Amino acid sequence: MIDKCITLLQTHGVSSLTKLRKIHAFSIRHGVSISDAEFGKHLIFYLVSLPSPPPISYAHKVFSKIEKPINVFIWNTLIRGYAECSLNYSVSAVSLYRQMRVSGFVEPDTHTYPFLLKAVAKMADVRLGETIHSVVIRNGFGSLIFVQNSLLHLYGNCGDVMSAYKVFDEMSVKDLVAWNSVINGFAENGKPNEALALYTEMDSKGIKPDGFTIVSLLSACAKIGALTLGKRVHVYMIKAGLTRNLHSNNVLLDFYARCGRVEEAKTLFDEMVEKNSVSWTSLIVGLAVNGFGKEAIELFTNMESKEGLLPCEITFVGILYACSHCGMVKEGFEYFRRMREEYKIEPRIEHFGCMVDLLARAGQVKKAYEYIMKMPMQPNVVIWRTLLGACTIHGDSDLAELARMQILQLEPNHSGDYVLLSNMYASEQRWSDVQKIRKQMLSDGVRKVPGHSLVEVGNRVHEFLIGDKSHPQSDEIYAKLKEMTDRLRLEGYMPQISNVYVDVEEEEKENALVYHSEKIAIAFMLISTPERSPIRVVKNLRVCADCHSAIKLVSKVYNREIVVRDRSRFHHFKDGSCSCLDYW
DNA sequence: AAATGCAACG
C-alpha cells in the first residue's frame, strides 16, 4: 500500500496542493502512517517542490510526525522549503539547520549548504554567511562548485562584492553560473564597469552568455543611465543570439526607457514577438517617467483590451504616476477606484503615495494633507517628502514646516529636506529663514549631497560639479556659458539666482557667476558635439527651476533636443518646451 | 545543488 501511495505522489505530486492533500487523505484511509519515513519523505519533497511559495507549515507538520531519527534528505528538503519561502521564513531555515546539528544523528551533506546559504543570502546577513562559510570549509565542502556558487550569490546579495570576487578568484573551475553570479554581484552593487570588465574576460575565454548574464549587465546600466555601456551589452545580446529571450528583451526595454530613449523602447516593444504583462508594465512606467503620461494611459487602455494580460500593482503605480505627473487629478482617482473594484488590487503605501502626489503636485496641498491623515496606514518618510516637495513649489510654508518636522522624526540628517525648505525661503526672499536652515544644517552635521551632471561624448563620460572649472576645456566652456546666457536673455530669460545662491559655499558666493552642473554640462556639449545632435544629461539631483527654464530656451535657441535625467524622472526639452509641461 | 526584469518620494 505504501508503494502505491508513493507512486501516486510521483505521478500526480508535482501538479497541485489539492492533489497532494487528496493523496495524503487516501493514504490515511488505507492505513499508511505519516510517521513512516519513506512516505513522509516523498510527501514533504512534493510539498516543497510546489510552485513558490511552498505550503511550508503543512510540510513542517508532516516533518514533525515522522519517526526519529530523521534522515538527512528530509532535513535538507525542509530547509530548502524554508529557504524558498519569503524572507520571514529564512530564519527558520537557519534554526532548522541548527536543530539538525544538535540532534546529533545526522551530519549535513553536500546538499544542505546550498539550501542553507540561499536562506542566509535572502537575509543578507554577511556575518552569519561568513560563519557558515568557515563551517563549510572546515567540513571539506569548500571546493564543491555548487557550494562555491551559493557563496558567490550570498556575498553578492549582502553587498560584499569583494568577498564574492575572492571566492570566485579561488575557484579552480568556473562555470557559467559562477560567472553570472559574480557579474550579477557587481551589477547589483552599482559597479557596472566592473561587471562589464568581467564579462569581457568571460567572453575572451569563449564562454557564451545566457539570459541571466544579459539581464544583470543591462539592469546595472539602466540603474545608472549608462547608455553607451548598455548599447554595448545590446550588441553582445545580439551576438549571443538572445534577441528572442523574453527576460532580456524586457530589461532592454526598461534600459532604453530609463536612458530617455523612448523611441527605441517603443520600437523594441513593437518588435518583440513574445510579450508578457511585464513588457507592457515596463513600457507604461517608462513612458510615465519620461513625462509621456497620455501615451502611458493610451498603452494601458490597449493592454486592458488584450486577452490574458492582467495589470498588476506595479502597472497601477505607473498609471497613477503618469496621472500625478501630468496633472490628471480626476483620472488618477478614477484609476485608483478601478484598481480596487475591478482588479481587486489592494492599494499599498506606494499607491497612496501617488495619490498624495496627485493632489499635492496639482497645488491642492491642504487636501493632500487631509488625504495623508485619512490613509489606512502610517505615512512613511516618502509620503511626507512628497508633501514637502509640493509645498515648496506651491509656497505653503506652514505645511512645509509641518511635513519637515515629520520627516525629521522618521529620518534625521537627510540633506535634501533642508535644501528644499531653504530654497523655498529663498524664493520668498526670507533670507533670515534661509540662514536659520543653513545654520541648522551645520549644527546638525548634515552635508549637502553635491550635485553633479554626467554627459557622454563618444565613449567617454564627463562629469561636472557646481561651478566646476576643473575640465581641461574650462575656458571654452565658460565662454560658451556667457554667450548662452546672453542669447537666452534676448529670448526673455530672467535668471532666478536664489536657488543657485543658497547652494554654493560662502567663499564661492563672491564669484558673481556660479553655474549649476547641468548648465556647464550642456555648454560643454554644445561645443563638443555636432549641431542639431541631441544632448543627454544624467543628473544626481533634481533640476532647479532656473536651470529648467534656461534649458527650455537653449533647446529652442540652439535647436537641440535635450534630455535630462533627473533624480526621479526625465525632462525632454524641445523647441522651447519640456515634456513635463512645467508640471513637476 | 546559485539566479533574472518593471515600483511612489527625494
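From a predicted model like this one, the values you see are computed outputs, not experimental measurements. Lettering of chains follows the sequences in order, A, B, ..., and the numbering in each one begins at 1.
Applying a 4.0 Å cut-off to non-hydrogen atoms, the residues of residues 272-282 of chain A that approach DNA chain B are N276(A), V278(A), S279(A), T281(A), S282(A), listed by residue number. Contacts with DNA chain B (heavy atom under 4.0 Å) in residues 163-187 of chain A: V177(A), S181(A), listed by number.
Atoms CZ (F45(A)) and C1' (dA1(B)) sit 12 Å apart, rounded to a whole Å. Atom pair D109(A):CG and dA1(B):P shows a separation of 11 Å (rounding to whole Å applied). Rounded to an integer number of Å, the gap from D210(A) CG to dA3(B) P is 14 Å. One can place NE2 of H133(A) at 17 Å from P of dA2(B), the figure rounded to the nearest angstrom. Straight-line distance from the CD atom of Q148(A) to the P atom of dA3(B): 16 Å, rounded to whole Å. The NZ-P distance, from K122(A) to dA2(B), rounds to 12 Å in whole Å. Between the NE2 atom of H153(A) and the P atom of dA3(B) there is a distance of 5 Å, rounded to whole Å. When rounded to the nearest whole Å, the span between CG of L116(A) and C1' of dA2(B) equals 14 Å.
Among the atoms of the strands shown, none is found under 4.0 Å from any heavy atom of L152(A). In this structure, R348(A) reaches the bases: a heavy-atom distance under 4.0 Å links it to at least one base atom across the strands shown. Base contact: N380(A) has a heavy atom under 4.0 Å from a base atom. When heavy atoms are screened at a 4.0 angstrom cut-off, L253(A) is found touching no nucleic acid atom at all.
Evaluation of H351(A) against the base of dA8(B) yields no stacking contact (centre distance < 5.5 Å, interplanar angle < 30° required).
When the side-chain nitrogen and oxygen atoms of Y113(A) are compared with OP1 and OP2 of dA2(B), none of them lie within a distance under 4.0 Å. The phosphate of dC9(B) has OP1 or OP2 within less than 4.0 Å of a side-chain N or O from R361(A).
If you check dT4(B), dA8(B), dA1(B) against the side chain of F212(A), the one that comes closest is dT4(B). Of the candidates dG10(B), dC9(B), dT4(B), dT4(B) carries the atom nearest the H247(A) side chain, counting heavy atoms from C-beta on. Comparing dA1(B), dA3(B), dC6(B) by their nearest atom to the side chain of D254(A) picks out dC6(B). Of the candidates dC9(B), dA2(B), dA8(B), dA2(B) carries the atom nearest the S150(A) side chain, counting heavy atoms from C-beta on.
In this structure, F336(A) and Y371(A) have perpendicular ring planes: the angle between them is above 60°, well past the 30° mark. Between F45(A) and F73(A), the ring planes lie tilted relative to each other; the angle falls in the 30° to 60° range. Classification of the H111(A)-F115(A) ring pair by plane angle, with boundaries at 30° and 60°, yields tilted. Using cut-offs of 30° and 60° on the angle between ring planes, the pair F141(A) and Y113(A) is tilted.
Here the options are N149(A), L198(A), I183(A), the test is side chain to side chain contact (heavy atoms under 4.5 Å, CB included), and the partner is F168(A); only L198(A) passes.
In this structure, E263(A) pairs ionically with K266(A), as a charged nitrogen and a carboxylate oxygen lie closer than 4.0 Å. Looking at R80(A) and E84(A), a side-chain N of the basic residue comes within less than 4.0 Å of a carboxylate O on the acidic one, giving a salt bridge. Between E264(A) and K231(A) there is no salt bridge, since no side-chain nitrogen of the basic residue lies less than 4.0 Å from a carboxylate oxygen of the acidic one.
Between F300(A) and W280(A), the gap from one ring centroid to the other reaches at least 6.0 Å. Taking the six-membered ring for Trp, F570(A) and F292(A) have ring centres at least 6.0 Å apart.
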